[in-house]
Amino acid sequence: MTDRINLKDFTFEQLEQYFTETGLQKFRAKQVFQWLHNGVTSFDEMTNLSKELRKSLDERCFISKVEFAEKHESKLDGTIKYLLRLNDGNLIESVIMRYKHGITICVSTQVGCRMGCGFCASTIGGLVRHLTAGEILDQVIFIQKDIGERISNIVLMGIGEPLDNYDNVIKFLKNVNHPAGLNIGYRHISLSTCGLVPQMMKLSQENMPITLSVSLHAPNNEIRNKIMPVSKKYFIEEVIKACKIFIERTNRRITFEYALISGVNDSIENARELSSLVKGMLCHVNLIPVNKVDERDYEKSTLKQIDLFKNILEKNSVSTTVRRELGGDINASCGQLRRGHTK
Ligand code: SAH
C-alpha cells in the first residue's frame, strides 16, 4: 500500500499531469477527480472508466478513506463529533456544527501538534505526523456522505497547526474549492493559526480569499509567552504586523481568537491593552471562554468578567462576539476525544 499513490494527494492539475505522463487520456483525470470527491472507496465504482483502466490505476494507486472510530451527537444542538481512524491507524477529530447559514465542518490538519499551547489538549503528546492533502479532504468527503447533507463551510481549527503543514493545506484548499470537486468557495473557509509569521505572509500572496483567524489569546508578549511558546519565536508585534499586511493584500477581515482564562488574560487592563493593539484594524475579536482540559488547570473566566471584557472592547469600537458553546454535552472541544483514547 505504502508505495502506491493516494490520488487525492494530487491537485487537479497534478492529476492531469500524472495521467498525461503515464500515457493516459487527460480528460480521464477529471472523471477520476469527480469520483474521488464523490467519496468512492474503490476504482471499481468508477463506472465510466474501462475495466482495464480501473485495473491499471488499482495497481499503482490507492484511494484513502477514514473509518469512524467514534461518533457523538449532541442532543442540545445537533453538533456531531467524530473520532476518525486513518489508513495507518492514527486518530484525528472532526466536528460538524449546524448554523443558520449552513453546515460547517471543523477539520484536523495534523496528528497531534508541536506548538505547545498551555491550554490545548491537541498538543499534549506532541506532533506525530502531518496529514496529507487527501487525508484533510477525506474528513469532508466521508462526513458529508455520513450526514447526507451538503457541507457549506469549512474551518481549519481541529487538531494541528495548519500553517505548520503549509504545502498540504494549500493543496487541500485548492482541491476543495475546485469546481469539479466539492466547489466550496474560499469565502466559506476559515484557517486558524497560532501566528506563524512567515507562513502568514506567504498565505497573503496565494490569492485565496479565505478568512484568517489568528489565535492571539493575550494582549502582550509577557502573558503570551506564558501560554503560547510560539510567542517566543514570533513576537506579538510581528504577528500584528503580518495581520496588517494580510488585510492590505487580501482586503479580508481578520478574526482574532482570544480564549478567556480566569486570572491569566481576562483583566480590565488586559482588555484595554488588547483594544489599543487591534484598534483601527479591519478585524473582529472572538472571545472564547477557555474549555477545561483534564491535564491543565486553567479555568474559564466568570460570566461577569467576560461581559466586562467585551464591553471594554466595544467601547473602543472593536467588533467583538463571545463564542457560543456548541456540543456542551459531548466534549466537543478539539483534541479531547483523541486524548481520551491515547491516554
Ligand atoms: N493551531 C491553530 C488551530 C487549532 S485550535 C491555532 O492555534 O489557531 C482552534 C482554536 O481553539 C485556537 O484558537 C486555539 O487556541 C483554541 N483552543 C485550543 N484549546 C482550547 C481550549 N482548551 N479552550 C478554548 N480554546 C482553545
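No hydrogens, no waters, no symmetry mates; every other heavy atom, side chains included, goes into these values. Ligands are counted one by one from 1 in listed order, and the atoms in each one are counted from 1 as well.
Remark: K55 engages E59 in a salt bridge, criterion side-chain N to carboxylate O under 4.0 Å.
Put simply, the side chain of V214 reaches to within 4.5 Å of the side chain of T193, judged on heavy atoms.
Contacts between M115 and ligand 1, counted as non-hydrogen atom pairs separated by less than 4.0 Å, are absent for every part of the residue. Residue-level proximity to ligand 1 for I159 is absent, since no heavy atom of it falls below 4.0 angstrom. By the criterion of a heavy-atom distance under 4.0 Å, both the backbone and the side chain of E161 are placed next to ligand 1.
Considering every non-hydrogen atom in both Y18 and C61, the closest pair reads OH-SG, 3.7 Å. Across V111 and L91, no two heavy atoms sit closer than the pair CG1-O, 4.0 Å. Listed here is the closest heavy atom pair of R187 and P209: NH1-CG, 3.6 Å.
At least one N or O atom of F119, backbone or side chain, sits closer than 3.5 Å to an N or O atom of ligand 1.
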Dump the intermediate steps for side-chain contact (heavy atoms from CB on, under 4.5 Å) on R129 and E135, then the final yes or no.
CA-CA 12 Å; R129 68 169 176 87; E135 287 173 325; 2.9 Å; yes
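Listed by number with element, the atoms of ligand 1 under 4.0 Å from a non-hydrogen atom of T193 are 6 (C), 7 (O), 8 (O). Here is the list of ligand 1 atoms found below 4.0 Å of a heavy atom in G160: 1 (N), 2 (C), 3 (C), 4 (C). Taking every non-hydrogen atom of C120 and a distance limit under 4.0 Å, the qualifying atoms of ligand 1 come out as 18 (C), 19 (N). Close contacts of ligand 1 with G158, meaning ligand atoms under 4.0 Å from a residue heavy atom, involve 4 (C). Contact atoms of ligand 1 toward S192: 2 (C), 3 (C), 6 (C), 8 (O) (distance under 4.0 Å to a heavy atom of the residue). Each of the following atoms of ligand 1 lies closer than 4.0 Å to a heavy atom of C194: 6 (C), 7 (O), 8 (O). Taking every heavy atom of H217 and a limit of under 4.0 angstrom, the matching atoms of ligand 1 come to 13 (O), 14 (C), 15 (O). Per-residue contacts place E257 under 4.0 angstrom from the following atoms of ligand 1 (heavy atoms of the residue considered): 10 (C), 12 (C), 13 (O).
When N168, T132, N175 are each tested for a side chain to side chain donor-acceptor pair (under 3.5 Å) with D9, only one passes: T132.
Rounding to the nearest 0.5 Å gives a distance of 6.0 Å between CD1 of I136 and OG1 of T109.
Residues F309 and Y258 place their aromatic rings such that the two centres sit under 6.0 Å apart.
Of all the listed residues (G195, S215, A259, P162), S215 holds the heavy atom that lies closest to atom 13 (O) of ligand 1.
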